A.B. asks: 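Mind having a look at this structure? Questions to follow.
The model shown is predicted, which means the values in this text are computed figures rather than measured ones. Every number for a ligand or one of its atoms is a count from 1 in the order of the listing.
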Amino acid sequence: MTVGLVVQKFGGTSVGDAERIRAVADHVARTRRQGHDVVVVVSAMGKFTDELLRLADEVSPTRPPRELDMLLTAGERISMALVCMALTANGVESASFTGSQAGIITDTDHTRAKILEMRPDRIREALAAGQVPVVAGFQGVSTAKDITTLGRGGSDVTAVALAAALNADVCEIYTDVTGVFSADPRVVPKAQRLAKVSFDEMMEMAATGGRVLMLRSVEYAQRHGVPLHVRSSFTWEPGTWIVEEDPTMEQAVVSAVTDDTSEAKVTIGGVPDRPGVAARLFGELANRGINLDMIVQNTGENGLTDISFTVAVLDVDAARDACEAVRSEVGATKVTTDINIGRVTVVGAGMKSNPGVTALMFETLSSIGVNIQMISTSSIRISCVVAADRVEESVRALHSAFGLDRVGP
Ligand code: ASP
Ligand code: MG
């Protein structure tokens, strides 16, 4: 790689203790010796954000969002100061910056703020002065001058946003796995590391259970053309590049199989099959701020139909309440929920030009006797909802049916 500007983001496990922090500082120093300018973005140490949330719960069941954000941003601030100390010990000049100091301006939506503008003047000044700026991830300052957080996993967004604003050559995301895999290696021992994934594929993977990158950070990276490199801070070996799809290259039909058991299914039954019903029902869910994922309306019989949709398990009670609230008005007969579901998904940019993927997916699930409850597709993804306790074997069967199993030991 030619000399350039690299944003290096280190996740919670990468800065989990003093030794890990020293290893990070060594790596940053090494990168500098290769001639690159480096901007570091850090997460909170280990599970510190979860601990702060637990502490907040212990103090009070009400958690004013402004104060919650102020509390949670402390985690990343601890990391940034410690990393700077370790860098100093390595003879690398550095300076820490909060999200606010780094010029990350957000809206006022506490706990899940969106970035409105980047004004990283102080980061540029630090770079010009030959320093390594170390930025606290996951946070910004709102247009109302309050401290905000960007949502769980938001340090990825901080890193990508800085890379975009500073026109960095690459945004490296350091984590505890060696890259993006063709399936979760804990579920599929024969999963392989992917050398390259397109932004579109990565977004589908992040949205359907891939746990390596926060979805919003991938969207942001694609929009601003920031190449991402996901790699391990334990082995430091090259990992997975996430880049714009190369139209001249042959695409794998299926690149990855993902799984997700964090959703539940809600079914509203005996709904009259007439205009306005879905609008009323989903309007109510939207008013209550409930995010839906898959939606299926069954074919009607005798003028009645069933509508099923999936929501995060955490939202299932709220979704049931919303359906119950409009049930008699829309004339539906019953509302049922099922939290014992899971979703298996195959993702691949080559699907666009290769028919037969759907058929092979259904055949594979049927060959192991797995019943498909819901289906949804995009041009490069097919998802099936199945019983939760059949998810893992479904993923393994699909991984092997689509030829993704690693050969050899
Ligand atoms: N520390 C925050 C979290 O645990 C942000 C991050 O790690 O990206 O969600
Ligand atoms: Mg993360």
Side-chain angles (χ1 to χ4, degrees), residues 7-17 20-21 23-24 39-57 63 65-83 96-102 104 106-107 109-115 118 133-142 147-164 171-177 180 202-203 205-207 209-221 226 228-234 239 242 262 291 312 314:
V7 173
Q8 298 188 326
K9 180 257 171 178
F10 297 93
T13 47
S14 303
V15 292
D17 57 29
R20 298 299 317 151
I21 287 176
V24 162
V39 174
V40 173
V41 175
V42 286
S43 286
M45 295 171 69
K47 298 258 171 265
F48 198 67
T49 307
D50 293 322
E51 274 165 42
L52 291 173
L53 279 167
R54 224 175 359 254
L55 194 57
D57 264 339
R63 309 190 295 195
R66 181 185 183 278
E67 304 314 325
L68 189 62
D69 274 354
M70 191 61 98
L71 176 73
L72 294 188
T73 55
E76 271 68 11
R77 294 179 184 215
I78 291 171
S79 304
M80 73 178 186
L82 292 171
V83 167
S96 62
F97 297 92
T98 65
S100 161
Q101 289 174 317
I104 300 173
T106 74
D107 62 16
D109 199 3
H110 282 287
T111 76
R112 50 170 181 214
K114 294 236 166 10
I115 296 175
M118 295 292 293
V134 179
V135 180
F138 168 62
Q139 55 185 276
V141 60
S142 76
I147 299 300
T148 50
T149 61
L150 307 175
R152 295 307 304 269
S155 296
D156 291 346
V157 178
T158 305
V160 172
L162 278 169
C171 180
E172 297 183 331
I173 308 280
Y174 288 90
T175 177
D176 51 5
V177 291
V180 178
M202 194 63 226
M203 277 193 276
M205 288 164 70
R211 282 164 277 268
V212 185
L213 281 176
M214 192 212 202
L215 176 60
R216 260 172 66 200
S217 70
V218 187
E219 287 168 353
Y220 203 110
V226 177
L228 299 176
H229 185 185
V230 176
R231 50 193 299 197
S232 162
S233 68
F234 290 77
I242 298 144
S262 68
N291 269 318
L314 288 173

A.B. asks: Below 3.5 Å, N or O to N or O, backbone or side chain included: is there any such pair between Gly151 and ligand 1?
C.D. replies: no
A.B. asks: Tell me whether Gly153 reaches ligand 1 (any heavy atom closer than 4.0 angstrom to a ligand atom).
C.D. replies: yes
A.B. asks: Please list, in number order, the atoms of ligand 1 under 4.0 Å from a heavy atom of Ser43.
C.D. replies: 6 (C), 7 (O), 8 (O)
A.B. asks: For residues Cys171 and Val160, report the shortest heavy-atom separation together with the two atoms involved.
C.D. replies: SG-N, 4.0 Å
A.B. asks: If we only count N/O pairs under 3.5 Å, is Ser155 in contact with ligand 1?
C.D. replies: yes
A.B. asks: Is a side-chain donor-acceptor pair under 3.5 Å present for Thr149 with Asp69?
C.D. replies: yes
A.B. asks: Before accepting this row, confirm whether a basic side-chain N of the pair Asp57/Arg63 lies closer than 4.0 Å to the acidic partner's carboxylate O.
C.D. replies: yes
A.B. asks: Does NZ or CZ of Arg77 come closer than 6.0 Å to the centre of the six-membered ring of Phe97, within 45° of the ring's axis?
C.D. replies: no
A.B. asks: So is there a nitrogen or oxygen of Lys9 less than 3.5 Å from a nitrogen or oxygen in ligand 1?
C.D. replies: no
A.B. asks: I need the contact type for Met214 against ligand 1. Using non-hydrogen atoms and a strict under-4.0 Å cut-off, is it side chain, backbone, both or neither?
C.D. replies: neither
A.B. asks: Salt-bridge test for Asp176 and Arg20: reply yes if a basic N is under 4.0 Å from a carboxylate O, no otherwise.
C.D. replies: no
A.B. asks: Output the list of atoms in ligand 1 that are nearer than 4.0 Å to some heavy atom of Arg152, sorted by atom number.
C.D. replies: 3 (C), 4 (O), 9 (O)
A.B. asks: Taking NZ, NE, NH1 and NH2 as the nitrogens, is one of them in Lys9 or Glu172 under 4.0 Å from a carboxylate oxygen of the other?
C.D. replies: no
A.B. asks: Under a heavy-atom criterion of less than 4.0 Å, does Gly12 contact ligand 1?
C.D. replies: no
